[in-house]
Amino acid sequence: MTIAASPPPIAWYGGSFVYYEDEPEPVPTDADLDAAAAKARERRLATPEQFGPEPDPQLRTGVVLGRFLPVHEGHRYLVEFAQAHAERVHIFVRIAADDPIPWEVRRHWMAELFPGVPVTAIDGGQDEWVPRILAEVQPDYLFSAEPWGPGFAARLGARFVGVDRLAVPVSGTAVRNGPWDYERYLPPPVRAWYARRVCLIGAESTGKTTLARDLARKFGTVWVPERLRTLSPGFGPADLALAAHGQRAAEEALARRASVALFCDTDLLAVRLWSERLFGSAPDWLIEAANQQAPHLYLLCAPDVAYVGDEQRNTPAERRAFHEACERELHRLGREYVLLDGDFDRRFDRAVEAVRDLLAPRRR
């Protein structure tokens, strides 16, 4: 326990000393404050020459350092702000073994969103970052919204330029905890990363297209139509190959526009099975791509509803065989799926339930 020192005695009166309190500081008047401000202003006065020329980004180099887990509009603002100050901007991405998004994924994002900007991965702590950065670039500026930015800029021999986070109020942590709460801040490739992909698969005339369209409307997102439906009767193997390529391209393009989920009316696995049904084989590239493609959920539509369409194309045995082939391949590939049977209302309700379960928040 610390005991405060007592003030010295002022006078002795018989049996005791007398102590006096320190006199309070006088409260400055408005005139005092104005006078002090005027003196401070006089000390600050500068000539136009002291400001130097207008800052010119030419021949300037800037560094941006971050985790980009994931990239969001705040990062895009940060980099664009840096590019307005420095002709050459170099992005350094902090990586670690337990990052929830792999470095390779982020590298592709950065290449797309910031074309022509060098991007380098660095690990470890600040002591390791400094030599790694200086081995790549001698920066004039460090652009950052982090509290450690000024000190780190000094270690780089660079000038710190702070960027206000409030300009774009989002963070990587917030996005990871609830991506679609910050949907407006998700760039297209990041939307595609977080969108859950749901594929409708099964034989013809089992309601796949209607379900995909209605589920997309229900969940406020987009859906991918089946490319094979665009082909003319009597199409050949080359036509199917082009449709398969288009199916994959459409899915990737629409995933970048999805919200929460993307509903696909068929996928490469179904196109592969159709190729084998119609032509007895499928190209190697399609087989490999179908094996690698893995939607988050398949909705397998059973052929227990009446066929609708040209009766000359109604082949009940082939419909059943195709359904069985779909189910067999889903098992072989270890894909998660839900069987939809019964009338359309039953199928739709079961599909909605399955998708809601897929989208339910999981403990992170």
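Note that the structure is predicted; figures quoted are calculated from it, not measured.
- Between Glu251 and Arg256, no side-chain nitrogen of the basic residue sits less than 4.0 Å from a carboxylate oxygen of the acidic one, so the salt-bridge criterion is not met.
- Looking at Arg107 and Glu104, a side-chain N of the basic residue comes within less than 4.0 Å of a carboxylate O on the acidic one, giving a salt bridge.
- A donor-acceptor pair shorter than 3.5 Å cannot be found between the side chains of Tyr182 and Glu73.
- Of all heavy-atom pairs between Ile287 and Ala282, the closest is CD1-O, 3.7 Å.
- Using a distance-only test at 3.5 Å, with no hydrogens or angles considered, no donor-acceptor pair links the side chain of Asp34 to the main chain of Ala37.
- The CG atom of Leu200 sits 8.0 Å away from the OG1 atom of Thr209 when rounded to the nearest 0.5 Å.
- When the side chains of ILVMFWY residues are joined at heavy-atom separations under 4.5 Å, either directly or via intervening members, Phe81 and Leu65 end up in two distinct hydrophobic clusters.
- With hydrogens and angles ignored, the 3.5 Å screen pairs a side-chain donor or acceptor of Gln247 with a backbone N or O of Pro225.
- Between Leu299 and the options Ile201, Leu339, Leu215, a side-chain contact (heavy atoms from CB on, under 4.5 Å) holds for only Leu215.
- A side-chain donor-acceptor contact under 3.5 Å links Thr206 to the backbone of Ala203.
- Salt bridge Arg332/Glu329: present, at least one basic N to carboxylate O contact under 4.0 Å.
- Salt bridge absent: Asp123 and Arg94 never bring a charged side-chain N and a carboxylate O closer than 4.0 Å.
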Validation: residues 230-239 side-chain donor-acceptor distances under 3.5 Å, sequence neighbours left out:
unit_1: Thr230; atom_1: OG1; unit_2: Arg227; atom_2: O; d: 2.6
unit_1: Asp239; atom_1: OD2; unit_2: Gly236; atom_2: N; d: 2.8

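- Minimum heavy-atom separation, Gly172 to His72: N-NE2, 3.5 Å.
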**Message:** Assess the residue pair Arg350 and Glu353 against the criterion (salt bridge (Lys or Arg N to Asp or Glu O under 4.0 Å)); give the C-alpha distance rounded to whole Å, side-chain angles, the decisive distance to 0.1 Å, and a yes or no.
**Reply:** CA-CA 5 Å; Arg350 182 70 186 94; Glu353 179 185 355; 3.7 Å; yes
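- With hydrogens and angles disregarded, no donor-acceptor distance shorter than 3.5 Å links the side chain of Trp223 to the backbone of Leu262.
- Nearest heavy atom pair, residue Ser275 against residue Ser281, reads OG-O, 2.6 Å.
- Residues Leu211 and Val198 share a single hydrophobic cluster, defined by chaining ILVMFWY side chains whose heavy atoms lie under 4.5 Å apart.
- Remark: the backbone N or O of Ile101 is not paired with any side-chain donor or acceptor of Asp99 at under 3.5 angstrom.
- With salt bridges taken as basic N to acidic carboxylate O contacts below 4.0 Å, none links Lys208 and Asp265.
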**Request:** Take Arg106 and Ile95 through the test side-chain contact (heavy atoms from CB on, under 4.5 Å) and record every step on the way to the result.
**Result:** CA-CA 10 Å; Arg106 285 176 282 168; Ile95 64 172; 3.8 Å; yes
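- For the ring-ring contact (aromatic ring centres under 6.0 Å, His included) test, no residue two or more places apart in sequence or in another chain qualifies with His323.
- Contact detail for Met110 and Val71: the closest heavy-atom pair is SD-CG2, 3.5 Å.
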Give the table of side-chain donor-acceptor pairs shorter than 3.5 Å for residues 148-166, with sequence neighbours excluded, one pair per line with atom names and distance.
unit_1: Arg155; atom_1: NH2; unit_2: Asp127; atom_2: OD1; d: 2.9
unit_1: Asp164; atom_1: OD1; unit_2: Leu166; atom_2: N; d: 2.9
unit_1: Arg165; atom_1: NH2; unit_2: Glu146; atom_2: OE1; d: 3.4
unit_1: Arg165; atom_1: NH2; unit_2: Glu146; atom_2: OE2; d: 2.5

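- His75 pairs with exactly one of Phe143, Phe68, Trp109 by the ring pair (Phe, Tyr, Trp, His ring centres under 6.0 Å) rule, that one being Phe68.
- Two different hydrophobic clusters hold Ile133 and Ile91 under the rule that ILVMFWY side chains link at heavy-atom gaps under 4.5 Å.
- A donor-acceptor pair is defined here as one N or O able to donate and one able to accept, closer than 3.5 Å; such a pair exists between the side chain of Asp343 and the backbone of Arg346.
- When the side-chain hydrogen bond (donor to acceptor under 3.5 Å, both in side chains) test is applied to His296, the partners found at least two apart in sequence or on another chain are Arg196.
- Of the inter-residue distances, the one linking Thr120 atom OG1 with Arg132 atom CZ reads 7.5 Å to the nearest 0.5 angstrom.
- In this structure a side-chain-to-backbone donor-acceptor pair under 3.5 Å is missing from Arg41 to Lys39.
- At distances below 3.5 Å, not a single donor-acceptor pair connects side-chain atoms of Arg217 with backbone N or O atoms of Val222.
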Could you list the donor-acceptor pairs under 3.5 angstrom formed between side-chain atoms of residues 184-195 and any protein atom two or more places apart in sequence or on another chain?
unit_1: Arg191; atom_1: NE; unit_2: Ala258; atom_2: O; d: 3.2
unit_1: Arg191; atom_1: NH1; unit_2: Glu183; atom_2: O; d: 3.4
unit_1: Arg191; atom_1: NH2; unit_2: Glu183; atom_2: OE2; d: 2.7
unit_1: Arg191; atom_1: NH2; unit_2: Ala258; atom_2: O; d: 2.9

**Stepwise side-chain contact (heavy atoms from CB on, under 4.5 Å) test for Arg272 and Glu276** = CA-CA 6 Å; Arg272 191 212 95 193; Glu276 293 170 353; 3.0 Å; yes
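- Of the inter-residue distances, the one linking Asp140 atom CG with Leu59 atom CG reads 9.0 Å to the nearest 0.5 angstrom.
- The stretch residues 238-286 participates, sequence neighbours left out, in these ring-ring contact (aromatic ring centres under 6.0 Å, His included) pairs: Phe219-Phe263, Trp274-Phe322.
- For the 3.5 Å distance criterion, the side chains of Thr61 and His90 fail to qualify, holding no donor opposite an acceptor.
- A distance of 6.5 Å separates CD of Glu80 from CZ of Arg76, quoted to the nearest 0.5 Å.
- The aromatic rings of Phe348 and Phe344 sit parallel, their planes meeting at an angle under 30°, below the 60° perpendicular limit.
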